[in-house]
Participant: 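Quick one: this structure, given as structure tokens, is what I'll be asking you about.
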There are 2 protein chains.
Amino acid sequence: MRISDKYRYLGIKLTPQRLAILSYLDGNRSHPSAEDIYRSVRKEFPTMSVSTVYNTLDVLKEKGDVQELTIDPRKKRYGPVNTPHNHLMCNKCRHIVDINKEFKFTLPSSMTEGFELTGNHVEFFGFCSNCRKKQ
Amino acid sequence: MRISDKYRYLGIKLTPQRLAILSYLDGNRSHPSAEDIYRSVRKEFPTMSVSTVYNTLDVLKEKGDVQELTIDPRKKRYGPVNTPHNHLMCNKCRHIVDINKEFKFTLPSSMTEGFELTGNHVEFFGFCSNCRKKQ
DNA sequence: TGATTGACAAGAATTATTCCTGGTTGATAA
DNA sequence: TTATCAACCAGGAATAATTCTTGTCAATCA
Ligand SMILES: [Mn+2]
Ligand SMILES: [Mn+2]
Ligand SMILES: [Zn+2]
Ligand SMILES: [Zn+2]
């Protein structure tokens, strides 16, 4: 299925703006912020606005194509979702890498206080090799 | 060791403002935001300012007495740290409960890309009993 | 005592994100 | 083909959370 077919199937229009954002995210492992995306996509698409970036990210989140990360306390970060995965962030430079492993936990119902569980996300923290070198 | 001794030991002054925030957080399981803390502490301490709340939270984070949560995408939430624990948040009302269990993972070094790991935090998601009732 | 330091209140400034408005576009159907 | 309509967009204003700045005060110290 081509990407345009997929989105027609999902019932959303695949506009040039959305395509630009999609192709920027596709294969991108840096988990960029909305601002990062805006700055990059803007180069080839000078009329792009930040609202469009946010709107597009909302649509893509909805469809499950994009994951919004809250691991960085300063701003939300976004990444493509291929298969469910988790993340590891550097405490110093906030570089984020994928942990391509899924964790399936079952919690005893005594712990879940009547919640119905839908998923989980594991945040790993540490120091990247770069930040370790510099002291 | 009394609380005042503890903080003297840690080398920070235990001021009335800090004490008020500490005692509000102590035993509090609701993971309040800075605003929540401000509104509550203010009642008995009308001159308290938001900056003081943020400053105090920074100090207490530093000392490991307070945990800052990023699980709620809207704002940071804070809670006392007794023993290491994890969290479960309702996708709808964003009510957060503690998961009093620690998860110790070891990741194969092929996954950690040269990072030195320092810790982890597991975010569980779901729907609380209240939100499930209301459909 | 006089100097130094840490902490505070108040409010200004910044930053990320959301909201609003008016104008396009492109699919649909008369 | 042309009119209609919904979805989408750019631009910028508004909001909300958080950080920064400044002047003041109180405790501590030489
Ligand atoms: Mn990722
Ligand atoms: Mn907690
Ligand atoms: Zn780093
Ligand atoms: Zn709920």
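The sequence lines fix the lettering, A, B, ..., with proteins before strands; numbering per chain opens at 1. Keep in mind that this is a model prediction, so the values were computed, not measured.
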Participant: With sugar-phosphate meaning primed atoms plus P, OP1 and OP2, does B:E35 contact a base, only sugar-phosphate, or nothing at under 4.0 Å between heavy atoms?
Facilitator: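 Here B:E35 touches no strand at all.
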Participant: Could you tell me how far apart B:K75 (NZ) and D:dT15 (P) are, to the nearest whole angstrom?
Facilitator: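 In whole Å, D:dT15 P lies 17 Å from B:K75 NZ.
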Participant: For chain A and DNA chain C, what are the first and last nucleotides along the strand, 5' to 3', with at least one atom under 4.0 angstrom from a heavy atom of the protein chain?
Facilitator: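 Listed 5' to 3', the contact boundaries are C:dA16 to C:dC19.
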Participant: B:P32 and B:L25: which non-hydrogen atoms are nearest, and at how many Å?
Facilitator: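 The pair with the smallest heavy-atom distance is CG-CD2, 3.9 Å.
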Participant: Scan for ring-ring contact (aromatic ring centres under 6.0 Å, His included) pairs involving residues 77-102 of chain A, sequence neighbours excluded, and state none if there are none.
Facilitator: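 Residue pairs passing ring-ring contact (aromatic ring centres under 6.0 Å, His included), neighbours aside: A:H31-A:H87, A:H85-A:H87, A:H87-A:H121.
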Participant: If I compare all heavy atoms of A:F45 with all of A:Q17, which pair ends up nearest, and what's the gap?
Facilitator: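 Heavy-atom minimum between the residues: CE2-CG, 3.8 Å.
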Participant: Quick one, A:Q67 and A:L69 - any side-chain contact, counting heavy atoms below 4.5 Å?
Facilitator: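 Result yes, sub-4.5 Å side-chain heavy-atom pair found.
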Participant: Would B:D26 and B:S23 count as having a side-chain donor-acceptor pair, cut-off 3.5 Å?
Facilitator: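 No donor-acceptor contact under 3.5 Å links the two side chains.
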Participant: Tell me which residues in residues 36-66 of chain B put a heavy atom below 4.0 Å from DNA chain D, sorted by number, or none.
Facilitator: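 DNA chain D contact set from residues 36-66 of chain B: B:S51, B:Y54.
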Participant: Before accepting this row, confirm whether a basic side-chain N of the pair A:D72/A:K75 lies closer than 4.0 Å to the acidic partner's carboxylate O.
Facilitator: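 No salt bridge links A:D72 with A:K75.
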Participant: Report the distance from atom CZ of B:R18 to atom C1' of D:dA26, rounded to the nearest whole Å.
Facilitator: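 Interatomic distance, CZ of B:R18 to C1' of D:dA26: 14 Å.
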Participant: Toward the 5' end of DNA chain C, which comes first, A:R77 or B:I12, by nearest nucleotide?
Facilitator: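 First, find each residue's nearest nucleotide; the 5'-ward one identifies B:I12.
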Participant: Less than 6.0 Å separating the ring centroids of A:F124 and B:F105?
Facilitator: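 Ring-ring flag for A:F124/B:F105: true, centres closer than 6.0 Å.
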Participant: Tell me: CG of A:L14 to C1' of D:dC9, nearest whole Å?
Facilitator: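 Interatomic distance, CG of A:L14 to C1' of D:dC9: 15 Å.
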Participant: Taking atom C1' of D:dA16 as reference, at what distance in whole Å does atom CZ of A:R74 sit?
Facilitator: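 Going from A:R74 (CZ) to D:dA16 (C1'), I get 19 Å.
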Participant: Among side-chain atoms of A:N100 and A:T83, is any donor-acceptor pair under 3.5 angstrom?
Facilitator: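 No, no side-chain donor-acceptor contact under 3.5 Å.
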